Amino acid sequence: MPIVLDFSGKLVLVTGGGRSIGLAIARAIAKAGADVAITYTSQDATPVADKLSKEFGTVCKAFKCEVSDSREVNTMLAAVKESYGREVDIGIANAGITLWKDAHENTDDEFRRIFEVNTFGSYYLARALARSWLGEDIPVGSSTTGRPEAQQLGKQILFVSSISAIVAMTPQRQTAYNASKAAVTMMAKSLAAEWAHLGITVNSISPGYVATDMIANPPNEEAKAWVGEWTKRTPVGRFATAEQIGEFVATLVSDSQGGMGWMTGSDVVIDGGYTLL
Ligand SMILES: NC(=O)c1ccc[n+]([C@@H]2O[C@H](COP(=O)([O-])OP(=O)(O)OC[C@H]3O[C@@H](n4cnc5c(N)ncnc54)[C@H](OP(=O)(O)O)[C@@H]3O)[C@@H](O)[C@H]2O)c1
């Protein structure tokens, strides 16, 4: 029997699913039969969701959500549940931003913003999902009491981290981004350890350079030369396409790879060999 990706009956949530890597993930998973909720903040992703629905015959909807605001994340998740009438099965924290600036030039606000979106945003999503799966109706700003009983919820969380969590990328200077992603990778491991007994797996992927909006527009003349340098430093000699990452993620989070419930706390590097050298 061939191995097939089959997400029928699953509801998958992808933050930043309206474009680039997030869209490619949403697309690959919708193509394999999942209903997909995508979030956006600056560009209304409703037309994108409608297109996915038409193309694959699954129910895809867009929800506005600024991931650095925990209230918005909680409200968005409540709206997703109400709209679909069920819990999310797989949550993918993909939304992220970068900043190319020397560390000594970062303002407090700039440095904080990178963490608020990349790190806090991933945490807010994971926490909202876990609370929802545990059936805990907790007011914003409050904490729960006690460690939940062991159970088999059969849910998954995936963080889109980066190889910047592992190596300090150059020639650009991006300490805030690198540190924020290192926190994301470690957070996946920590949450995996905390939630394994609940049947919630938490993993991260660490892509190398992917041809998306994030790296498409170098801010100045110096930065334009970086593209050649990044390619040279990637042993396979090219960037990934967003579609490659999307298909890869769909395989990773599918039941067919056997990882569901067993692979947890792993960081999967997909980088064209960048971190080999
Ligand atoms: N491209 C790469 O080479 C690369 C490599 C490794 C890891 N990554 C990681 O992969 C993820 C996706 O990157 P990408 O290249 O696809 O980036 P991108 O093209 O810049 O797209 C960023 C996505 O994140 C969303 N987003 C940004 N800030 C947000 C906020 N404050 N609240 C909610 N959503 C927000 C955007 O939503 P809107 O469309 O509404 O603006 C958009 O969907 C990021 O976490 C990034 O760090 C990228």
Side-chain angles (χ1 to χ4, degrees), residues 14-17 19-22 24-25 39 41 66-68 70 73 91-103 105-127 156-193 201-216 218-219 223 226 229-230 233-234 239-240 242 244-246 248-249 252-253 263-277:
V14 186
T15 64
R19 61 189 167 98
S20 302
I21 293 174
I25 294 171
T39 78
T41 183
E66 164 59 57
V67 297
S68 65
S70 67
V73 174
I92 301 180
N94 161 79
I97 53 171
T98 191
L99 174 68
W100 294 325
K101 200 168 177 186
D102 285 26
E105 290 182 339
N106 286 178
T107 64
D108 290 0
D109 283 347
E110 284 169 342
F111 199 86
R112 188 183 303 113
R113 179 74 185 149
I114 295 292
F115 273 78
E116 281 174 349
V117 175
N118 296 351
T119 315
F120 293 11
S122 301
Y123 171 66
Y124 294 151
L125 181 75
R127 182 181 63 182
Q156 285 193 75
I157 295 171
L158 182 79
F159 290 160
V160 178
S161 189
S162 168
I163 55 166
S164 303
I166 306 166
V167 290
M169 314 294 283
T170 57
Q172 72 275 35
R173 278 81 63 190
Q174 51 174 32
T175 292
Y177 180 81
N178 297 343
S180 75
K181 288 296 185 177
V184 167
T185 300
M186 190 58 214
M187 184 162 55
K189 292 181 187 298
S190 307
L191 294 177
T201 61
V202 190
N203 295 289
S204 58
I205 61 159
S206 285
Y209 289 107
V210 187
T212 67
D213 298 346
M214 182 175 269
I215 62 165
W226 295 346
E229 192 57 35
W230 295 338
R233 287 169 191 250
T234 303
F239 299 163
Q244 280 177 307
I245 303 297
F248 177 74
V249 167
L252 197 65
V253 299
M263 188 176 97
T264 196
S266 292
D267 177 54
V268 184
V269 173
I270 171 165
D271 68 350
Y274 189 102
T275 51
L276 290 175
L277 308 174

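Owing to the predicted nature of the structure, the values given are computational and were not obtained by experimental measurement.
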Can you confirm whether V160 sits close enough to I92 that some side-chain heavy atom of one is under 4.5 Å from a side-chain heavy atom of the other? yes
Residue pair Q174 / S164, side-chain heavy-atom distance below 4.5 Å: yes
For a 4.5 angstrom cut-off between non-hydrogen side-chain atoms, does T41 reach V67? no
Any side-chain heavy atom of Q172 sitting closer than 4.5 Å to one from W230? yes
Once rounded to the nearest 0.5 Å, what's the spacing between atom CG of L191 and atom OG of S204? 10.5 Å
Shortest non-hydrogen contact from S70 to R127? CB-NH2, 3.6 Å
Closest non-hydrogen atoms of G16 and A95, given as atom of the first, atom of the second and distance, are N-CB, 4.1 Å
Evaluate the ring planes of Y209 and Y274, with Trp represented by its six-membered ring, and classify them as parallel (under 30°), tilted (30 to 60°) or perpendicular (over 60°). perpendicular
Could you tell me whether the side chain of S162 and the main chain of A165 form a donor-acceptor pair under 3.5 Å? no
Find the distance between CG (N178) and CD1 (I166) and round it off to the nearest 0.5 Å. 11.0 Å
Ignoring hydrogens and angles, tell me if any N or O in the side chain of T264 forms a donor-acceptor pair with the backbone of T201 under 3.5 Å. no
Minimum side-chain heavy-atom gap I215-V210 below 4.5 Å: no
Kindly indicate, with the supporting measurements, whether the criterion side chain to side chain donor-acceptor pair (under 3.5 Å) is fulfilled by R19 and T212. CA-CA 9 Å; R19 61 189 167 98; T212 67; over 6 Å; no
Report yes or no: does D271 contribute a side-chain atom to a donor-acceptor pair with the main-chain N or O of T275 at less than 3.5 Å? yes
Measuring from R173:CZ to D102:CG, what's the distance to the nearest 0.5 Å? 4.5 Å
Are F248 and V268 side-chain neighbours, meaning at least one heavy-atom pair lies under 4.5 Å? yes
To the nearest 0.5 Å, tell me how far L276 CG sits from T234 OG1. 10.5 Å
Kindly compute the distance separating CZ (R113) from CG (N106), expressed to the nearest 0.5 Å. 14.5 Å
For F239 against Q244, the heavy-atom pair lying closest together: O-OE1, 4.4 Å
Return the CD1 to OG1 distance between I114 and T175, rounded to the nearest 0.5 Å. 11.0 Å
Answer yes when K189 and D267 have at least one side-chain N-carboxylate O distance shorter than 4.0 Å, and no when they do not. no
When every non-hydrogen atom of E66 is compared with those of S68, the smallest separation belongs to OE2-OG, 2.6 Å
Do L99 and Y177 touch side chain to side chain, with heavy atoms closer than 4.5 Å? no
For the residue pair F120 and Y124, categorise the inter-ring angle as parallel (less than 30°), tilted (30 to 60°) or perpendicular (more than 60°). perpendicular
Considering non-hydrogen atoms only, spot the tightest contact between I245 and P207 and give its length. CD1-CB, 4.2 Å
Validation row: L252, L158 side chains within 4.5 angstrom (heavy atoms): yes
Nearest heavy atoms of S206 and I163, plus distance in Å: O-CG2, 3.5 Å
Side chains of T170 and R233 only: does a donor on one sit below 3.5 Å from an acceptor on the other? yes
What verdict does the side-chain contact (heavy atoms from CB on, under 4.5 Å) test give for F159 and M187, after you've listed the backbone C-alpha separation in whole Å, the side-chain angles of each residue and the deciding distance to 0.1 Å? CA-CA 9 Å; F159 290 160; M187 184 162 55; 3.8 Å; yes
Would a distance-only check, ignoring hydrogens and angles, find a side-chain to backbone donor-acceptor pair under 3.5 Å from T15 to N94? yes
Would you confirm whether S180, through its side chain, and T119, through its main-chain N or O, come within 3.5 Å as a donor-acceptor pair? no
